[in-house]
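Supplied in structure tokens, the structure appears directly below.
Worth knowing before you read on, the calculation uses all heavy atoms, side chains too, and leaves out hydrogens, waters and symmetry mates.
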Amino acid sequence: MEASTETQEKNLTAKQAEWKKRLRELHAKRNEARQQNHKEVVEEDKRNKLPSNWESRKRQAEWIMQDEVARKAAEEKGEDYDRIKLLHIDATEAERIARKKRNKKNPDPGFSDYEQAAVRQYNRLVKSIKPNMESYDEAKEKLGPVFYGDKNTILHGLHEDKKEAIDKMVSDLEKQIAKREKYSRRRMHNDDADIDYINERNAKFNEKLERFYGEYTRETKLNLERGTAI
């Protein structure tokens with residue numbers, strides 16, 4: 001009887017030790033999960049504070065670094081890196097890159113309104129200006145503090161335009177006038193054309209039909225107008 005009781009006590013002690021061990025493991029896992037969760041929250045907060053285009057900027061920076069490493073390696077071997085890059089680019093990708101470069105050089109999306117057209121013309125004129133730093137320094141030294149001026153400064157009589165500058169301005173204006181004369185205002189409606197529409201929307205629809213199916217329906221249309229269609 002005593003042996004049975006002693007055995008039960010040993011089994012109970014062993015179970016209690018196993019329970020305590022499992023409890024410690026659960027506590028350790030809970031603490032690990034809590035730390036991991038806190039770490040994820042901190043990382044998410046950092047990501048939320050980053051700019052919206054951070055991922056694309058990061059990829060671009062990594063690509064630039066890899067490109068620089070590859071370029072240096074090619075230069076050390078005495079190879080033309082730009083030529084090597086072109087050998088690994090297909091025709092479609094090369095066309096896309098060339099088109100992107102052209103658009104970057106002349107990002108003109110076409111006419112949207114007169115304000116934007118004036119802004120684009122202003123930017124073109126500003127890019128074409130080549131300042132003469134010698135004349136700039138001479139005028140700055142001659143006028144002194146008045147060179148920068150303020151709201152009370154009277155500039156009349158202080159500055160005299162050079163003949164070369166006047167000739168250049170006249171030449172630019174003549175070029176603009178000559179360019180403008182090459183274009184004529186597009187007429188929205190042709191008075192001599194047949195009226196086959198009932199409103200503007202229907203006119204646009206008929207234009208699309210004519211563009212896509214005109215060559216196939218032209219004979220039928222002529223027969224209907226002559227009255228010889230069967």
(message) Do Asn132 and Lys162 make a side-chain contact, defined as non-hydrogen atoms from C-beta onward lying under 4.5 Å apart?
(response)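 Of all side-chain heavy-atom pairs linking Lys162 with Asn132, none is under 4.5 Å.
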(request) Working to the nearest 0.5 Å, report the span between CD of Glu75 and CG of Asp80. (result)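 If we round to the nearest 0.5 Å, Glu75:CD and Asp80:CG are 9.5 Å apart.
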(message) As an exercise, state the distance from CD of Glu210 to CD of Glu215, rounded to the nearest 0.5 Å.
(response) 9.5 Å
(request) Calculate, to the nearest 0.5 Å, the distance between atoms CD and NE2 belonging to Glu43 and His38 respectively. (result) 10.0 Å
(request) Kindly compute the distance separating OG (Ser135) from NZ (Lys140), expressed to the nearest 0.5 Å. (result) 14.5 Å
(request) Check whether any side-chain heavy atom of Lys208 sits under 4.5 Å from a side-chain heavy atom of Arg211, and report yes or no. (result) yes
(request) State, with a plain yes or no, whether a side-chain heavy atom of Gln35 is found less than 4.5 Å away from one of Lys39. (result) no
(message) Show, in sequence, the C-alpha distance, side-chain angles and deciding distance for Lys179 and Lys175, and conclude whether the side chain to side chain contact (heavy atoms under 4.5 Å, CB included) test is met.
(response) CA-CA 6 Å; Lys179 185 177 180 180; Lys175 289 180 181 178; over 6 Å; no
(request) Working to the nearest 0.5 Å, report the span between CD of Glu18 and NZ of Lys15. (result)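 With rounding to 0.5 Å, CD (Glu18) is 9.0 Å from NZ (Lys15).
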(request) Find the distance between CD (Glu68) and CE (Met65) and round it off to the nearest 0.5 Å. (result) 10.0 Å
(message) Grouping I, L, V, M, F, W and Y whenever their side-chain heavy atoms are under 4.5 Å apart, do Tyr136 and Val126 come out in a common cluster?
(response)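 As far as the 4.5 Å side-chain criterion goes, Val126 and Tyr136 are not connected within one cluster.
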(message) Determine whether a donor-acceptor pair (N or O, by modelled atom type, separation under 3.5 Å) exists between the side chain of Asn223 and the backbone of Glu219.
(response) yes
(request) Report yes if some heavy atom in the side chain of Phe205 is under 4.5 Å from a heavy atom in the side chain of Leu209; otherwise report no. (result) yes
(request) Return yes when atom CD of Glu62 has more than 12 non-hydrogen atoms of other residues, nucleotides or ligands closer than 6.0 Å, and no otherwise. (result)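 Yes, enclosed.
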(message) So, applying side-chain hydrogen bond (donor to acceptor under 3.5 Å, both in side chains) with His27, which one of Glu25, Lys29, Arg24, Arg30 is it?
(response)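 The passing option is Arg30.
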(request) Verify, without hydrogens or angle tests, whether Asn123 (side chain) and Val119 (backbone) share a donor-acceptor contact under 3.5 angstrom. (result)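 Flag set: sc Asn123 to bb Val119 pair under 3.5 Å.
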(message) So which atom in Asn202 and which in Tyr197 form the shortest heavy-atom distance, rounded to 0.1 Å?
(response)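 Heavy atoms only, the tightest pair is OD1-CA, 2.9 Å.
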(request) Tell me, yes or no, whether the heavy-atom count around Gln16 atom CD, taken from other residues, nucleotides or ligands under 6.0 Å, exceeds 12. (result) yes
